Amino acid sequence: MHERLLPASPNWYCSRSSDTSRNGIFGFGAKNTIYLLDITVSSPAIVGELNGHKERVSGLAFCRHPGQDHLCASTSDDGTVKIWDINDKAVLKEHRSHQGTITALHWSPVEKDLVVSGDEKGIVACYWLNRDDTQTLFPEPRNIFCLTCSPHNGKHIAVGYKDGMVIVMDISRKVEVLHRLRGHDDEIHALAWCPQPGEDPLFGRAEETPEVTNGVAEGAEKGCYLASGSKDQTVRIWSTARGRGVTTLKLPFLKRRGVGVDPSVKERLWLTVHWPKGWPSQVVSSCFGGELVQWDLTKTGKQKWSLLGSSSDGQNHSRIVFNMSSVGLGGRELLLSTSMDREIKCWDLSSLECCWTLPTLGGFVYSLAFSPVGTGCLALGVGDNMIRVWGTLSLQNRYETRAFWQGIRSKVTALSWHPTKEGSLAFGTDDGKVGIYEAYSNKSPQISSTYHRKTVYTVAWGPPVPPMAFGGGDKPSIGLYSCGGEGLILQHDPWKLAGEASDIDELIRDTNNIKHKLSPHTDFCWKPDGKVLAIGNEDGSIEVYHAPDLRQLCSIQQHHKIINVLRWHHQLGSQHLRHLLASGSSNAVIYVHDLSGPTESPPESPVLITEAFRSLAGHTAKITDLAWSPHHDGRLVTVCYDGTAQVWDVLKDEALCNYRGHRGRLLCVQWSPVDPDLVWTGGDDFTAQEWAVSKQEHSKPPRGKKGVELEKKRSQQQKAYAKKKKAAAKAAGKGGVRAGEGKPLNGEGEREVERERGVSDNEEEEEEGETDGTPPPTARSKESSRPADRVVAERVPQEGKTFGNEGKKEMKEERRREKPEIPGKKRKPRSILPLSTSMDHRSKEDLQQDCLCLAEVRFSQGPRACVPGVGEHIQLGLFSDRDALYRMFQEEGRSHEEGGHYECAVYLSLWRGDITGALQAATQRGELTDHLVSIAPMAGYGVWLRTVEAFVKQLCFQEQFLKAASYLLSIHRVYEAVDLLKSQQLYREAIALAKARLQPDDPALTELYSTWASVLERDGHYATAAKCYLATDCAFDAAKVIAKKGDVLSLKTAGRLAAMAGEKELAHSLSLRCAKELAAAADWLGAQEALRTQESLLGFRVMLYTNELLSMRLETGVTKRSCSTSHSWSELGGQDFLCALKAVLQREMGVSENDPERVRSVRQQLQALDSPTDAPNIPTNQVLQCVSQDVTMGLLSCLLGDWGAGLEEVLRGVARCRGAGHFSLLSDTCRLLFPEGPDSVAQYRERLQPQDGRGVAAADSLVAWVCYTHLYQHWWSQAPRLPPGDPEGRRGGAAADLQPGAAAQTDPDPGDGHTDTHSSTDPQRDANSSLPSLIALVSERHKELAGTPEHIKKYPFPDVLECCLVFLHMDRNSTSVPKLLKEEALGLLQKHGTAASHSKACQKFLN
């Protein structure tokens, strides 16, 4: 029906509210409508709409299977999922499986009948179109933000959540989550699968993610890469085969001219990603300020991205981008993007250039204006706070549009081009602003210093009128006029907008000698020749004035409702048509008046006109705008709230055609200045449409059923306010309300200036200085505050809601929430004198009798029959003396007390002057108020004091403790106020009050801090409790309470605090705990930093250096970290371990043999450290820490020259590994300490003194342990059942007899590490042996042990019988074992292998 159309803006903050089909149809959701565009490389064309949703469209997805390109699915906030046929524009199927707001949607690329959707409650709904079946899944109790179906596996779906979690699930197995991908820490805005299956290596730098190796893991061919975009400003690429991240892409900060975006502010960031089909190594993502970035995943280095549209300014979006989709057309891959800047852009991914831009509208189209100078230049005033200037005659781009928003900040409701100056555009806004934009410059607009109090509905250029003097010199003699919602028409000087504008009503009154108040103006129009001004008023009258003195020519009393629009016929036609004035109001009839008489021959007095030249009837609602055709004589187009535009032949009084392409109320219309067949209209459906008169199939406005439907759409509020109108009319019949007192009547005579409430989220956005979460800028209030303000009641419709059943429902709910009051009817307050007032409503005879009684009282000297102020004559107390008035007060007060209206009784006591009595009565009833307390000082200090005390008790009973404390302060009871707050556990307020009013050293303040600290500590608020302790100078307690949490940060903070406060011992212990925690997590740099200020922990620091070096060089499964948490020297190999350790200690700590005192001090500190006893199943890191301590002690002893003691310490560390059951650690430790085996031990042995028997014994034991490890290594390398060096075999394989210590028994006891030929066997026990022989045998063994030195007996050795068993195992496995060695091993087993711990393992060799 239309030729061209500017659609509504795509909805914001949706993960997939737009999509592209395989055949080039681009669809997007705007409010509750889906628009369809036919995409080409050169330009788009809107081919249709899908209407059926009642609320905002939140998702749209096309079916991408051959033969089903015409199908698409959509979701909405109304809770429905609909399947559409875009050819028929009809709904095929729908379901309502979701209970929460639907947030995500996708049509499976593999399963042609599967549509998947997700909602904010975490429900995933799978809908199969072919069998009309729905399956709901609940994988995670989280808010779903987006989801996407795998293009390679029809059962796999990726879901992104609000908290940053991404999951990959298999829908064929109910709720089986294959992977939970953690890495993002904020909302997941978009997910995109790689279009190529498998996980071929894409990335050139594996070090970007140290935890992921470069290459493909086993089974990677079964997975696929997945890209995710998050609000945390990163794009992550995931491996679904390994369930982990592959790389992280951080958004670049691009500085563009005129755009300032802070990357640290994430509220305005929406990061969408798209993986184009056929581009497996290219991912496109949005950026901070609307830029689009193409990431090349095969590039190395930092510059892995390319900017789209970088060749020239203006190609990129200026706001964040929400959705992207792509389609291949004509051998080119085209990318479509939607943005907050209300533009849809098409990009060529090969050249990275923008092909075309389609502007969209984010609000009502309030005004249209064609430039009289720039041919085809159309200005649009829109409710999204912007002006669009559309070059409608452009050949290169049919949608060439420029947007102006600077300095506006409100809805643009009126526009007018300068008649001679090119590019000068006047505008008026919703907030009463009037300004001038120069459309062909980059300057900010000029704003008039005079604002309207209400919305500006009309701006127009015209000749100047007094008193303002325009022109002079080279300035054109022309002024700018504006009409606002308050009913005023202002004249602005376009050359001096900073000056004050003048109200033309003053000139009208002076010229026409008018004394009464003028009716509020609602519209005006200058005759094209500038000689006559027509003004429409709120009461339906039209007044015509002669310029420049504005002498009234005539008054038209044809309309009976508010005038919405006035238009003079153009001056290009016949002479008799130039005086035609068309007018439209809220009564749906257009009147055309011929004013040739009064305009050509001005009368001496105004002429009253009550008959129209033509009456054009046919519309069914209020007329909002009209325009004369500049190409025809007497041809008029009108737009109406009935949603149609009507073309009339005025001379023939005939309806020519009716346009019905809008889906809302029409607000403005313009006839094309170049094509007599084209008309432009704008409405509250957020669209501006161009249509041809000759192509319309209807000639008249709709009637019958269609007319009824359109009537329902356009008049949602008529039935809603029916009762209100009736009540208002009734009130008006009684005289109405006085001006300025009541609210105006909400009837047909009002203009409905309503809030703009769009279905689309983009109505919540202001164009400059915006903040997230801000409600949409309010339009005009629905009801004015006075009759003069009612002139705007029908000018602007309600934005954002198409009139339909959903609109009615919302209005009913709105009325239910806020029931409007009947204008002019106010609830009368309760009378304080009800008895006397009621006496005035008696019969006439009784009232006249009161006059006689009062006269008798006033003038009679004798006895009186009545007493004023009492009984039947209570009302006379008001007209008699004071005593009578007091009697009346007493009677009225008693009545108030009986009725429970104690406040009125108190007021009467106060009026009588009995303040003390009033206060006592209020105190007894517990009804003291602030007002009564404030007047208590009038009765004296004592009364005031007692009143305040009573009021404090009353406030405490009412649980208003803060107010009670404040009143205690007013009577200088600070301690009681503090105690009151403390008793109610308002410690923060109590401390604030005490610090403000008491001395700094007051014990009460210290006690408050201590009490609050105890409460906070009990509740787990350690940081605040520490502040309380610090406030009382208890730094020790503050440090202790912070350390209670036990985490690294708390320990570090507590240690620093203790050190700053001088608590050295506490700082020592806390720093040591912190360093141990950091060392356990392999954060070596952090551990050293925590100990740097503690001189008493130098020994532990030295031990940490040893631990770090040992951890980084061991091959055992010890916790390691990246280079960011360890020293650079820890990863350097090649140097002997002990030599490397010696060099590190000398370089980092200054510990060397040249400074024996420092070495000795460090050694003493190490000796003071506790180390746990050896036991099985101790964690490897803990064992390694103990070994590090022993090795460090040994090295320090060697630096002091005590080599024997050094070897003993090293031996203790080696034996500790065996005692803890960690043979792998034992083997690796021996390899590091003695790289050349026994020869390395021999080198240290040469440095021993000959008389150092302990050192020699320690060296022998070390040699034994080294040989022990070599023995097992040799055995494992030859064993046929295990691969050489199999770590699983070392740590406990399937065969128990291949493990160290397990050759003798299935579960050996590794704690006995010093068993040798003397100590590893038990005496032979023979059943036939006598007791004396056993005693003799034991004595012989004791003698042998007594001859062995003590230091040899305490040194640990490997189990000799275990080694014998290993030899025999090796011989059994065809390993060449010397015969002599074999016989010796068998002999030892026969002699000592009968013990219970060895007998089972020895049986296979001894039998």
Side-chain angles (χ1 to χ4, degrees), residues 364 366-367 381 383 385 407-416 426-436 445-460 465 467-468 479-494 496-509 516-524 535-539 562-565 667 737-746 749-756 766 775-799 823:
F364 293 2
Y366 290 105
S367 179
N385 308 350
I408 297 179
R409 298 172 182 263
S410 185
K411 301 175 180 64
V412 181
T413 54
L415 294 172
S416 179
F427 66 90
T429 66
D430 171 61
D431 58 1
K433 186 186 305 179
V434 176
I436 301 175
Q446 304 176 57
I447 305 298
S448 174
S449 62
T450 305
Y451 278 55
H452 286 278
R453 295 195 306 272
K454 299 288 184 177
T455 303
V456 177
Y457 290 114
T458 307
V459 291
V465 299
M468 188 174 294
L480 178 62
Y481 297 83
S482 61
C483 179
E486 72 277 16
L488 300 180
I489 298 177
L490 301 180
Q491 180 183 199
H492 309 265
D493 185 348
K496 298 179 182 178
L497 287 179
E500 184 177 356
S502 61
D503 184 357
I504 68 170
D505 281 357
E506 299 178 5
L507 178 61
I508 293 175
R509 288 195 189 95
H516 60 81
K517 183 179 179 181
L518 295 176
S519 178
H521 308 310
T522 58
D523 196 31
F524 70 94
I535 297 178
N537 299 319
E538 184 264 346
D539 59 2
I562 186 171
I563 301 298
N564 292 326
V565 58
L667 306 179
V737 294
R738 289 177 293 171
E741 285 188 356
K743 294 184 179 179
L745 304 182
N746 192 13
E750 295 182 354
R751 290 177 173 238
E752 301 163 356
V753 186
E754 306 161 73
R755 178 182 295 269
E756 181 177 40
E766 290 190 7
T778 58
R780 285 60 58 197
S781 62
K782 206 168 198 176
E783 296 183 341
S784 308
S785 61
R786 57 195 182 118
D789 295 337
R790 283 183 280 151
V791 300
V792 298
E794 288 184 13
R795 283 303 296 259
V796 181
Q798 180 177 357
E799 279 199 18

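Keep in mind the model is a prediction, meaning the values are calculated, not measured.
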What's the shortest heavy-atom distance between [X] and [Y], and which atoms?
{"X": "Phe427", "Y": "Pro445", "answer": "CE2-CB, 4.0 Å"}
{"X": "Gly383", "Y": "Tyr366", "answer": "CA-CE1, 3.6 Å"}
{"X": "Ser416", "Y": "Ala460", "answer": "OG-CA, 3.7 Å"}
{"X": "Gly499", "Y": "Ser449", "answer": "O-OG, 2.9 Å"}
{"X": "Asp523", "Y": "Thr458", "answer": "OD1-OG1, 2.5 Å"}
{"X": "Asn537", "Y": "Ser519", "answer": "CB-OG, 3.5 Å"}

State whether the side chain of Glu538 and the backbone N or O of Gly487 hold a donor-acceptor pair below 3.5 Å, judged by distance alone. no
So, does Thr413 use its side chain to make a donor-acceptor pair with the main chain of Val456 at under 3.5 Å? yes
For [X], all residues meeting side-chain hydrogen bond (donor to acceptor under 3.5 Å, both in side chains), sequence neighbours excluded:
{"X": "Thr450", "answer": "none"}
{"X": "Ser367", "answer": "none"}
{"X": "Ser482", "answer": "His452, His492"}

Report the distance from atom NZ of Lys496 to atom OG of Ser448, rounding to the nearest 0.5 Å. 14.0 Å
Gap separating the CD1 atom of Ile447 from the CD1 atom of Ile408, nearest 0.5 angstrom: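 These two atoms lie 8.0 Å from each other.
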Does some side-chain heavy atom of Lys411 sit less than 4.5 Å from a side-chain heavy atom of Asn385?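 In contact.
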If you define the side chain from C-beta out and look only at heavy atoms, does anything of Tyr481 sit under 4.5 Å from Ile504?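 Yes, close enough: below the 4.5 Å cut-off.
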Might you work through the side-chain contact (heavy atoms from CB on, under 4.5 Å) test for Ile436 and Leu497, ending with a clear yes or no? CA-CA 9 Å; Ile436 301 175; Leu497 287 179; 3.9 Å; yes
Tell me, please, which residues at least two apart from Asp505 pass side-chain contact (heavy atoms from CB on, under 4.5 Å).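 Asp505: side-chain contact (heavy atoms from CB on, under 4.5 Å) contacts with Leu488, Asp503, Ile508, Arg509, Leu518, His521.
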